[in-house]
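Here the structure is a predicted model, which means the values were calculated and not measured. Each chain gets a letter, A, B and so on, in the order the sequences are listed, and its residues count up from 1.
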6 protein chains.
Amino acid sequence: MPAAGTSDFSRPSGRTPAQLREVRIERNFTRHAEGSVLISFGDTRVLCTASVENRVPGFLRGKGEGWVTAEYGMLPRATNTRNDREAARGKQGGRTLEIQRLIGRSLRACVDRKMLGERTITLDCDVLQADGGTRTAAITGAYVALVDAINWLVARGEIKPKGGRTPVFGAVAAVSVGIYRGVPVLDLDYAEDSDCDTDMNVVMNDGGGFIELQGTAEGHSFRAEELAAMTALAERGVAELVDIQRAALAG
Amino acid sequence: MPAAGTSDFSRPSGRTPAQLREVRIERNFTRHAEGSVLISFGDTRVLCTASVENRVPGFLRGKGEGWVTAEYGMLPRATNTRNDREAARGKQGGRTLEIQRLIGRSLRACVDRKMLGERTITLDCDVLQADGGTRTAAITGAYVALVDAINWLVARGEIKPKGGRTPVFGAVAAVSVGIYRGVPVLDLDYAEDSDCDTDMNVVMNDGGGFIELQGTAEGHSFRAEELAAMTALAERGVAELVDIQRAALAG
Amino acid sequence: MPAAGTSDFSRPSGRTPAQLREVRIERNFTRHAEGSVLISFGDTRVLCTASVENRVPGFLRGKGEGWVTAEYGMLPRATNTRNDREAARGKQGGRTLEIQRLIGRSLRACVDRKMLGERTITLDCDVLQADGGTRTAAITGAYVALVDAINWLVARGEIKPKGGRTPVFGAVAAVSVGIYRGVPVLDLDYAEDSDCDTDMNVVMNDGGGFIELQGTAEGHSFRAEELAAMTALAERGVAELVDIQRAALAG
Amino acid sequence: MPAAGTSDFSRPSGRTPAQLREVRIERNFTRHAEGSVLISFGDTRVLCTASVENRVPGFLRGKGEGWVTAEYGMLPRATNTRNDREAARGKQGGRTLEIQRLIGRSLRACVDRKMLGERTITLDCDVLQADGGTRTAAITGAYVALVDAINWLVARGEIKPKGGRTPVFGAVAAVSVGIYRGVPVLDLDYAEDSDCDTDMNVVMNDGGGFIELQGTAEGHSFRAEELAAMTALAERGVAELVDIQRAALAG
Amino acid sequence: MPAAGTSDFSRPSGRTPAQLREVRIERNFTRHAEGSVLISFGDTRVLCTASVENRVPGFLRGKGEGWVTAEYGMLPRATNTRNDREAARGKQGGRTLEIQRLIGRSLRACVDRKMLGERTITLDCDVLQADGGTRTAAITGAYVALVDAINWLVARGEIKPKGGRTPVFGAVAAVSVGIYRGVPVLDLDYAEDSDCDTDMNVVMNDGGGFIELQGTAEGHSFRAEELAAMTALAERGVAELVDIQRAALAG
Amino acid sequence: MPAAGTSDFSRPSGRTPAQLREVRIERNFTRHAEGSVLISFGDTRVLCTASVENRVPGFLRGKGEGWVTAEYGMLPRATNTRNDREAARGKQGGRTLEIQRLIGRSLRACVDRKMLGERTITLDCDVLQADGGTRTAAITGAYVALVDAINWLVARGEIKPKGGRTPVFGAVAAVSVGIYRGVPVLDLDYAEDSDCDTDMNVVMNDGGGFIELQGTAEGHSFRAEELAAMTALAERGVAELVDIQRAALAG
């Protein structure tokens, strides 16, 4: 495993191995949703809205708990060549379902559902432009939209904070890592993603704990030390993302 | 029929009866599509992309003609309360199909399909935020995306202009008109749309010809003179929109 | 715009520009439905049944109002070449949904839904044979089936007329108009429909008010004076249709 | 098993046990299809059209054989209470699929598919009004529509008869039989069908051979001698139906 | 019709015309279901599970009766060449629906649904390996699973037997019969099934009564005496199957 | 993190933390498929068949490469309570799609697709009985079915080994690991799976390389040292599984 920074190594974007793309978070991007965030990881742009509804799915009815769920979509021409519109094909593909299940699980990991009460918060993550890392951008942005929606509930007096705490505990963010030309790199863009040996999506909280880890060897299998190098990079990336989330929420 | 401007009449937005909302057209909003336009009619914002593909539907194969078609979607939280995601429900609703058929027919009215050659241009119109008039904004924005895509084909030498003309002839734009509290008004927003007697969508070309006209009496039926007043307003509104399209394309 | 009756103009059917096809209305065509009408506009034959059910859609539950809705279908071989059966394809096409929405809106325009009470009347319009104008024939026939169904409710004492009036106020009928070889013509048959410049469907009430207006420029765009000529023809055609409806209901 | 004609036995319709309902066959009921038959078994009315297409399903391509298939549908209000429209529900139910498979198999039993050549004949059987026995009426009527379509092909010279024979050999008709209040009866109407112990649909050819036999014990199981009595009745009923088919085709 | 046992007649399997394949019934094949049976008719192997649920379909709610229903499936590679997975294609085919309706009706014929109470028993019949006769094996095996599930309810005291009887009365089994090379044979395997003139599935109870009879002439039509010969064979085969069911339940 | 083997720790099954359940592999479980394996991880039983077809998906046509793909299903009563049949619901759920994508990717990681040639091998993994770990059992069993299918191709001379090698290189197996009551454990059964803090599925090859890694924090997030402990356990488990695969293939 070549050291990051080896002289003959370069990323297509010119970034260093441990460098995130420019991340921007624009709150209140649309006006109807209780939380609405446009997040960019470089050229990847995802609109994340949080919608509050006073009902829960059947399996939770009458249990005094809330639910947090996600839906994911990609506009047909978010990508380099046009993809079929899933609504027109009549079903969501396996990749879509997999991603929206991941987003939902990730965000439930930071919500006290008892305290939320019998409400559902749906996080719609719609990719306006894709350049790799749409699922990690979606999770990172959806967290901010979720906080805005919870704060909206608190501001209206519908949820009373306990000991100064709202139903959201901690922060959640996600980033991809991979082995690109033998070097562990952070936050792969499309050019790297389509040409790397291993691709891993890592969801962590602000305490440095792992929430989700999904790694795939695209070409060669990877070894325990590569795994350790990648997770270390991810830890660093998530810490930066959590800072960016905080700054946006403070903004 | 009270005259527009009657002293006790006012629109929720404070506009005069013949006044459009602020219209903004942002070209190259996303980077992959051959044409990509974010159009706003006030708070209604629609992302219109034009995608060029070198194939035609089965019924045109081998005929030496191209095709122009449209798909329409609304993000689940583009509206005041969240709507089901059509991809998740497994089908596009009747309203969606009706609108995308309208957009497709409207834009085919300004394209020389022989000159386009065996290509399909798909106009994806996705509503990011809805405040009434999404279909008219979509048609007006999709026209600009279409021109950008055609010019991209011309610039690459794939289509040769004839006598200085590309396959797009003229311009197409659309606006809604209605009878609100007895007064004919232009470009209804959601507050007016949900409370008006008659709602009509008008698609016209830059020569003042009608391409599509769809009027519905929501409460009382309307009469020939009201129809004439509404179409006159529409003519005026479309003329303004065509100017805005031209300015955007010149920009 | 050539005057109707210009010497060198003729319609494929030999009709004059303002002449309807022969219209026949046969009530009680089938025996189970509360209203059952076979309507013919020339060779276009549509079976319209009205079914009364003591329930309303979810959005109306508990509001003390009724609902009137429509479904439209075409038998696979109603047309010159066989079309796929929509039930076998697993979905209704955009054209079908558009037409059934139009029929439903048109008939709701003549029903007092409060007076109807918490009932749904479904108008099934199934085309047995198509020769142009199936949607206008469907609306015109469905009105008669609707009146029969309402009268059946009144006869059974389930609805009490107020001041001699039932929940149906006025009459609704529909006809197509178009510009065929430059001449405005009434009630286009298939031969004209597939070869005309403009095609417009007009739904009106017996007071001469417009309920729905849907015009499409197939070839050239149309101008305000052509629109006026077409709507004038439509007004005349609808008046004749309303007379035919009345005669059928009196029969 | 009481003898047919036992003094205290009567059918709801007043028919004798071995009596068919009035059967009427109206050819050329619609004008587009190559064969179009409206058949009535009493109040059961089924429109059967035969459509010729110059293509075969994938599994027969290039084999020099034709195909005969059927589709079945019931208008939503063909029955006493309204049924959901299968096209709107998005799928054909099990009963529909079962019936259309039966109709297809039955008619393939009288067609020389080699002689038919690479063509498909689709028999659409749409029930306009139901009063029991829709599948047997459909088979009996579809046979006539099929013969008309084959004769249309012969008349156009597209199929040359061999030794005076067309691709249709013999005749096929169908009838139901059952045990009603202990008595074997022929051609059950809805009142009998919903209240009988055993219901059997029998498809036979004009040579007295069985093509399909589908019997169901609704209440008590049935015994070999009841089976024999029912099939004897069916034989008699089919012979009458074949005569009626012949008369209609000669008419 | 040659006598069974004619010297020059032989079945592909070497069986005599009236000989069943080896039938094996393995109870408790899986551990979760209330009844779980792996049944083999020679190489045909079907896993039949019975699941008890304390709810009934909508049309039975509040009527104090239970329901017995069936679902049928075939693993994609149960057959010689792979079939599409129905879940992936998005719908169950006509053959599947037809078979599961048959299984459901057959088993409801031996259940006292009042005594069952407001419960549903679902019989899932999944074909692990197919060699002809999957539906008859499914019915025969599902009966054993059903008895096990009912006995489980009785053992838990949820159903109290009346006069020593449980809600299952009698036994139900099924077998196929056919005319193979002119000879009536019992229990066709795939080699015979795909090459026979007539194929009939017969469901009977232990009292020798017919419950379902479905015969199809694949090549030539069949005659009354062939029908009688086939049903006599079936009677004999079902009697053997009922003995095997009893032995398995006693085991 | 308590040490494995801490005195007060016990697994529901009585296994030690690093102990696999009993694994059994039965080849040729069904007779039609080119590879057919029933694999058991304790009470989890999955039937894995490998089907060879001489065609490839559209995106590979003409490229001289083969394809390996998987489909996953669970019989409705494989689980403790009955699940809806996906074929009846009309779509595969997100979990199913996610698992079959994982199986497909995992097995493609050990196949030389160029050497396979233009063939598709489909691995159908159908769960007959579920007790946790169905996806890891499926991958481990599917590998054996895949080898059998490849060897079948080699035996028939359709693929020629190169240098003694077939298109399968190395071995692939999978196992779950998790943190159960604070202790890292191997191969979770359902009782553990539904009550653990972290659940991770690990796919590895026989060289100790990672192919897929999917970890989810169900309750608390997990830390880097827990991750390392889990992957070390997985490595040990996969090594055992590869030995069992080898023994089965040698048997």
Problem - SB check E:Arg77 F:Asp126 (cutoff 4.0 Å) - result: no

Problem - Max heavy-atom pair count under 4.5 Å with chain F, selected residue of E:Thr49, E:Thr79, E:Leu47 - result: E:Thr79

Handout entry: Smallest separation among heavy atoms of F:Arg31 and E:Asp131, with atom names
Key = NH2-OD1, 3.7 Å

Handout entry: Interface moiety of E:Arg89 toward chain F, non-hydrogen atoms closer than 4.5 Å
Key = neither

Problem - Winner by heavy-atom pair count (cut-off under 4.5 Å) against chain E, out of F:Ala130, F:Gly90, F:Ala87 - result: F:Ala87

Exercise for the section: Heavy atoms only, distances under 4.5 angstrom: which of E:Gln92, E:Glu86, E:Gln100 has the most pairs with chain F? Name it, please. Expected result: E:Gln92

Handout entry: Residues, nucleotides or ligands: over 12 heavy atoms within 6.0 Å of E:Tyr190 OH
Key = no

Handout entry: Side chain / backbone / both / neither for E:Leu75 at chain F, heavy atoms under 4.5 Å
Key = side chain

Practice task
Examine whether an atom of E:Ser51 lies under 4.5 Å from a heavy atom of chain F, and if so say whether it belongs to the side chain, the backbone or both; otherwise answer neither.
Solution key: both

Handout entry: Partner chain E: residue of F:Arg45, F:Lys91, F:Arg82, F:Glu34 with the largest heavy-atom pair count (under 4.5 Å)
Key = F:Arg82

Exercise for the section: Could you check which of F:Asn80, F:Val52, F:Thr81 has the highest count of heavy-atom pairs closer than 4.5 Å to chain E? Expected result: F:Asn80

Exercise for the section: Using non-hydrogen atoms and a 4.5 Å limit, figure out which bit of E:Ser36 sits close to chain F: side chain, backbone, both or neither. Expected result: neither

Fill in the blank from the handout: Minimal heavy-atom distance between F:Arg85 and E:Cys125, with the atoms involved, is NH2-N, 4.3 Å

